[in-house]
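Heads up, the thing below is written out as structure tokens.
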Amino acid sequence: MPELPEVEIYSRYLQRHALGQRIARVRVLDERILGATRKATLVRRLTGEQFTSLRRHGKHLFAQAGERNWLHLHFGMTGDLAYYFDPADAPRFARVIFDFDGGGHLAFEDMRLFGIVDLTSDPDDYIREHALGLDPLDPALRLRLFRRLMEKRRGAIKPLLMSQQVVAGIGNLYADEILFRASIHPLRPADRMRPDEMKAVYTSMRRVLNEMVVLKAGEGDYPPRMLVQHREEGDLCPRCGGEIRRTVVGGRTTYFCSRHQR
DNA sequence: ACATTGACCTGAGAGC
DNA sequence: TGCTCTCAGGTCAATG
């Protein structure tokens with residue numbers, strides 16, 4: 001589930017609830033969630049520390065807990081955070097729980113275990129080692145740069161948008177939403193798109209992701225003008241009345257409007 | 001360099 | 001109620 005906007009919300013959630021609290025205890029309930037770090041190391045390097053600052057890059061979240069000591073979180077498909085006081089409120093699929101001095105608990109939950117909890121000495125190292133692209137909301141990612149990155153690659157536009165090596169943070173759901181708003185067919189070859197079309201994708205990417213963050217930060221549901229509300233074959237496009245089609249692109253279920261996305 | 005497929009996991013929901 | 005099947009918003013490795 002979690003793409004960039006959701007992870008941004010998790011970041012704020014962690015900021016609000018857990019920052020500045022001393023970690024009294026770290027409990028690893030299922031070691032399969034651990035990435036490159038062994039359980040004993042994770043526990044040793046976080047116990048007694050506190051999270052002092054946060055950094056999000058794409059779908060990755062880093063929480064600093066000392067000099068060259070960062071907790072790294074990736075949420076996979078079903079990852080989530082829960083902060084609570086009553087142990088009875090621990091989520092069913094909690095995999096790692098941080099107990100704070102003040103009596104609060106922060107759980108990393110992940111039903112399907114595709115997520116990762118581990119340590120890194122420096123988020124920049126992590127980003128480099130995993131060849132992650134720029135964050136799509138990074139101000140440094142101007143249109144010119146975006147265009148250059150995309151034109152270097154061939155293949156359909158949708159898998160490119162989802163490739164974390166080109167731009168990091170877009171998943172299946174919002175890739176569809178971005179192309180829907182840009183009126184571009186998901187299978188369009190990126191190297192054969194006109195400059196104004198690539199610009200539309202760029203603008204749409206920024207708008208969609210920013211809007212999603214605002215939406216997720218508030219109470220709001222997805223507005224009906226969005227494709228995300230019409231992910232069903234045969235639905236009618238809220239924009240042009242065309243028929244919504246379902247297909248598979250790059251192995252992922254894809255929805256698009258058969259009329260205004262060419 | 002790219003597309004495709006399967007693997008990793010576990011549940012929710014549909015259909016019978 | 002319970003069984004079986006399909007699907008799920010992510011990523012990686014192997015294969016063509």
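Atom set for the values below is all heavy atoms of this structure, side chains included, hydrogens, waters and symmetry mates excluded. A note on names: the letters A, B, ... follow the listed sequences, proteins ahead of strands, and every chain is numbered from 1.
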Between [X] and [Y]: side-chain donor-acceptor atoms closer than 3.5 Å:
| X | Y | answer |
| --- | --- | --- |
| A:Q64 | A:S53 | yes |
| A:T37 | A:R45 | no |
| A:D135 | A:H57 | no |
| A:K216 | A:Y10 | no |
| A:E8 | A:Y13 | no |

Query raised in the report: So, does the side chain of A:E3 form a donor-acceptor pair with the base of C:dG10 at under 3.5 Å?
Result: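 No.
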
Set out, line by line, the N/O atom pairs under 3.5 Å between protein and nucleotides 8-10 of chain B.
unit_1: B:dC9; atom_1: O2; unit_2: A:R112; atom_2: NE; d: 3.0
unit_1: B:dT10; atom_1: OP1; unit_2: A:R32; atom_2: NH1; d: 3.1
unit_1: B:dT10; atom_1: OP1; unit_2: A:R32; atom_2: NH2; d: 3.0

Query raised in the report: Would the number of heavy atoms belonging to other residues, nucleotides or ligands and lying under 6.0 Å from CZ of A:R192 be above 12?
Result: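 Counting other residues, nucleotides and ligands, CZ of A:R192 stays at 12 neighbours or fewer.
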
Query raised in the report: Is the count of non-hydrogen atoms from other residues, nucleotides or ligands lying under 6.0 Å from A:R225 atom CZ greater than 12?
Result: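 Yes - once you tally the heavy atoms of other residues, nucleotides and ligands closer than 6.0 Å, there are more than 12.
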
Report task. Give a yes/no on whether any side-chain N or O of A:H74 is located under 4.0 angstrom from OP1 or OP2 of C:dG10. Result ->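 Checking A:H74 against C:dG10: no side-chain N or O falls below 4.0 Å of OP1 or OP2.
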
Query raised in the report: What about A:F256 and A:H185, are their ring centers closer than 6.0 Å?
Result: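 For A:F256 and A:H185, the ring centres are under 6.0 Å apart.
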
Requested in this report: Give, ordered by number, those residues of residues 225-235 of chain A having at least one heavy-atom distance below 4.0 Å to an atom of DNA chain C; if nothing qualifies, reply none.
Outcome: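 Correct list: empty, so none.
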
Requested in this report: When you get a sec, tell me which of C:dG9, B:dG11, C:dA8 is the closest nucleotide to the side chain of A:T253?
Outcome: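 From the listed options, C:dA8 comes nearest.
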
Query - Side-chain touch A:E6/A:F75, heavy atoms, less than 4.5 angstrom - result: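 SC-SC contact between A:E6 and A:F75 ruled out.
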
Query raised in the report: When you measure from every atom of DNA chain B, which of residues 149-165 of chain A have a heavy atom less than 4.0 Å away?
Result: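 A:R153, A:R154, A:G155, A:A156, in order of number.
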
**Report entry** For DNA chain B, the residues among residues 197-209 of chain A that have a non-hydrogen atom under 4.0 Å from it
**Finding:**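 Output list: empty, so none.
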
Report task. Indicate the atoms forming the closest heavy-atom contact of A:N172 with A:E3, along with that distance. Result ->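 Of all heavy-atom pairs spanning A:N172 and A:E3, the closest is N-OE2, 3.6 Å.
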
Query raised in the report: Given the C1' atoms of B:dG6 and C:dC7, what is the spacing between them in whole Å?
Result: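 B:dG6 and C:dC7 have their C1' atoms separated by 16 Å.
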
Query - Counterpart residues, salt bridge (Lys or Arg N to Asp or Glu O under 4.0 Å), relative to A:R22 (two or more places apart) - result: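 A:R22 satisfies salt bridge (Lys or Arg N to Asp or Glu O under 4.0 Å) with A:D101 only.
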
Distances under 3.5 Å between nitrogen or oxygen atoms of protein and nucleotides 13-15 of chain C:
none

